[in-house]
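Working notes, structure below.
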Amino acid sequence: MTDAPTDPAAPVRLPRALIDRIAPPFVRFLHIEAAGGAVLLVATLVALLLSNSPWAAGFSGLWETRLELRLGDLEFGRSLKGWINDGLMTLFFFLVALELKREAVLGEMRHPRMAALSVAAALGGMVAPAALYLALQWAQPGQHGWGIVMATDTAFVIACLALLGKRIAHSLRVFMLFLAIVDDIGAIVVVAVGYSHHMDWRMLALAGLCIGVLRVLAAAGLRSIPIYVIVGCATWLAIDASGLHATVTGVILGLMTPARRWVSDRRLYAILGQVIAHPAGQQGSGNTSDRRTLQVAEIAARESLSPVERLEMALHPWVSFCIMPVFALANAGLALSWTSVAQPVAAAVFLGFAVGKPAGILLFSALALRSGLALRPADLSWGQITGGSFLAGIGFTMALFIANLALVGPLMDSAKIGIFLASLFSAAMGLALLVWMPRTPPPTRGKR
């Protein structure tokens, strides 16, 4: 008995097992990017509830558990929360860098003037809120937290846009996604420059050597992911020991990942055309020409997608549904009190996100269009850009990340309150504006 279909006209397909009947709905769920925002929200609520419950002390103490890694004379020790923020978040930034490179090389943002609008908006959304925060906190204890208000939470923004369905133009989704990605890259640059420790130049040189090895391996055509993982881990350890924030590694490695595929469509179809079925009744798996052809076809099918695309598809579910919720559980918890709300830091964070973000995005977008550096898509109205600029004030994930680096104690708790309130206000304001603003019919050409 063979696996060949009895009907020659039957469609060619793979055998089906029980898991194949269960998996498709779950896979479709994973592919809905907005679902990551929903899971992140649930994790945040759980963290807040536990932090204000009788189990608050045990919950807080769990994340302070000390874990150490020793390599000879080198010691890498930090709390469980520290490993999450410095280690797991490296994968988050790696994914962000992959998304940025894919959009810039393969996506709609490969056109420079289209990409320039999102880049200009992202710059305005970083500069204006940071300037407003500093104006409110100059020479105050919370002055060092200026980086908190610079980032946008991609998952929550995409989740809000998903709620609006066809009410908004597709170009707004692309504009906001690229803005949020550039924002996150900018935030990690801020972390590297503003929140890193004293530099150890020997370790920094070692990190540079590891990056050079990665470039040589890529130029030589090596495609073994485990080897890249090993060298990437060595790079992370060297950057961590150098004094730079370890998550910078994720951005560097993500931007270095090739965005061009190795096997073209023409070559893939030529290889697949050589694949023939094994003769009926043949058993075993010897080194036959049929088996070698199938092995080549397997490699060709895998390499018909670029490394950027393959890694992004593999990592995205893990980052959205594992890493980000764990980060929220470890960082979003705080004891709610009026004292924290009344702190000036909370007001500065709130105004930075709620006022500085949209003002900076609109101002820099207008300047980019007026100067001719950028081009606005035909179906992207100023009303929708305004609504999107308020959604960009949802800075949850990266804001919490930077708050943990910049502030301590009551100041950090106050900043978290400001982050929560600003995110709620920005989401409500952005959604209301986008629902109220009518979607204009797409004109025939792009506009400034």
- prompt: Do Ile361 and Phe390 have side chains that get closer than 4.5 Å, going by heavy atoms?
  reply: no
field: CA sep, side-chain torsions, deciding dist, call: His245, Asp86, side-chain hydrogen bond (donor to acceptor under 3.5 Å, both in side chains)
entry: CA-CA 8 Å; His245 201 273; Asp86 299 344; 3.1 Å; yes
task: Keeping the roles fixed (side chain from Thr397, backbone from Asp153), state whether a donor-acceptor pair exists under 3.5 Å.
output: no
- prompt: From Phe175 CZ over to Leu380 CG, what is the distance, rounded to the nearest 0.5 angstrom?
  reply: 6.5 Å
message: Between Arg310 and Pro307, is there a side-chain heavy-atom distance shorter than 4.5 Å?
response: yes
message: Strictly distance-based, threshold 3.5 Å: is any side-chain N or O of Ser389 a donor or acceptor partner for the main-chain N or O of Thr386?
response: yes
- line: Closest non-hydrogen atoms of Ser171 and Asp379, given as atom of the first, atom of the second and distance, are OG-OD1, 2.7 Å
message: Can a donor-acceptor pair be found, under 3.5 Å and without considering hydrogens, that links the side chain of Thr249 to the backbone of Ala246?
response: yes
- prompt: Are Asn404 and Asn85 close enough that a side-chain donor and a side-chain acceptor fall under 3.5 Å?
  reply: no
task: Given ring pair (Phe, Tyr, Trp, His ring centres under 6.0 Å), test Phe401 with Phe396 step by step and report yes or no.
output: CA-CA 9 Å; Phe401 181 78; Phe396 185 78; over 10 Å; no
message: Can you tell me how far apart CG (Leu179) and CE (Met126) are? Round to the nearest 0.5 Å.
response: 8.5 Å
message: Quick check for you: to the nearest 0.5 Å, what is the distance between Lys357 atom NZ and Leu351 atom CG?
response: 15.0 Å
statement: Heavy-atom nearest pair, Gly145 first then Ala406, reads CA-CB, 3.8 Å
- request: Answer yes if the side chains of Lys81 and Thr65 hold a donor-acceptor pair under 3.5 Å, and no otherwise.
  value: no
task: State, to 0.1 Å, how close Phe353 and Ala151 come at their nearest heavy-atom pair, and which atoms those are.
output: CE2-O, 3.4 Å
- prompt: If we only count heavy atoms from C-beta on, is the Leu434 to Leu391 side-chain gap below 4.5 Å?
  reply: yes
- prompt: Would Glu68 and Arg66 pass as an ion pair if we require N to O under 4.0 Å?
  reply: yes
task: Look up atom CG in Leu95 and atom OG1 in Thr90, then write down how far apart they are to the nearest 0.5 Å.
output: 12.5 Å
field: Nearest atoms (heavy-atom pairs only) where Val349 meets Ile419
entry: CG1-N, 3.6 Å
message: Does either side chain, that of Ser242 or that of Asp200, offer a donor lying less than 3.5 Å from an acceptor on the other one?
response: no
task: Begin with the C-alpha distance, continue with both residues' side-chain angles, and end with the deciding distance and a verdict on side-chain contact (heavy atoms from CB on, under 4.5 Å) for Phe327 and Leu88.
output: CA-CA 8 Å; Phe327 171 84; Leu88 290 184; over 6 Å; no
statement: Nearest heavy-atom contact between Gly395 and Ser423 is N-OG, 3.8 Å
- prompt: Taking side chain as C-beta onward, heavy atoms only, is Leu67 less than 4.5 Å from Arg78?
  reply: no
Euclidean distance, Leu80 CG relative to Trp83 CH2, rounded to 0.5 Å: 10.5 Å
- request: Show your reasoning for whether side-chain contact (heavy atoms from CB on, under 4.5 Å) applies to Tyr228 and Leu253.
  value: CA-CA 10 Å; Tyr228 284 109; Leu253 298 184; over 6 Å; no
Beyond-backbone contact of Val345 with Ile417, side-chain heavy atoms, under 4.5 angstrom: no
message: Is there a side-chain contact between Met398 and Thr152 in this structure, where contact means two heavy atoms from C-beta onward sitting under 4.5 Å apart?
response: no
Aromatic ring proximity Phe350/Tyr133, centre distance under 6.0 Å: no
- request: Keeping the roles fixed (side chain from Ser118, backbone from Ala115), state whether a donor-acceptor pair exists under 3.5 Å.
  value: no
- prompt: In this structure, which one of Val190, Val127, Asp183 forms a side-chain contact (heavy atoms from CB on, under 4.5 Å) with Met150?
  reply: Val190
- line: Between Gly388 and Met176 the two heavy atoms that sit nearest each other are O-CE, 3.1 Å
SB check Glu309 Arg102 (cutoff 4.0 Å): no
field: Student check: side-chain heavy atoms of Trp382 and Ser365 closer than 4.5 Å
entry: yes
- prompt: Taking everything shown except Trp63 itself, do over 12 heavy atoms lie less than 6.0 Å from its CH2?
  reply: yes
field: Chi angles and distances behind the side-chain contact (heavy atoms from CB on, under 4.5 Å) call for Leu373, Arg113
entry: CA-CA 6 Å; Leu373 293 175; Arg113 293 184 69 197; over 6 Å; no
- prompt: How many angstroms lie between atom NZ of Lys101 and atom CD1 of Ile185, to the nearest 0.5 angstrom?
  reply: 11.5 Å
- request: Determine whether Pro377 and Leu117 make a side-chain contact, defined as any pair of heavy atoms from C-beta on separated by less than 4.5 Å.
  value: yes
- prompt: Just checking, any donor-acceptor pair under 3.5 angstrom between side chains of Asp184 and Thr154?
  reply: yes
side-chain contact (heavy atoms from CB on, under 4.5 Å) evaluation trace for Thr247 with Phe94: CA-CA 8 Å; Thr247 49; Phe94 180 65; over 6 Å; no
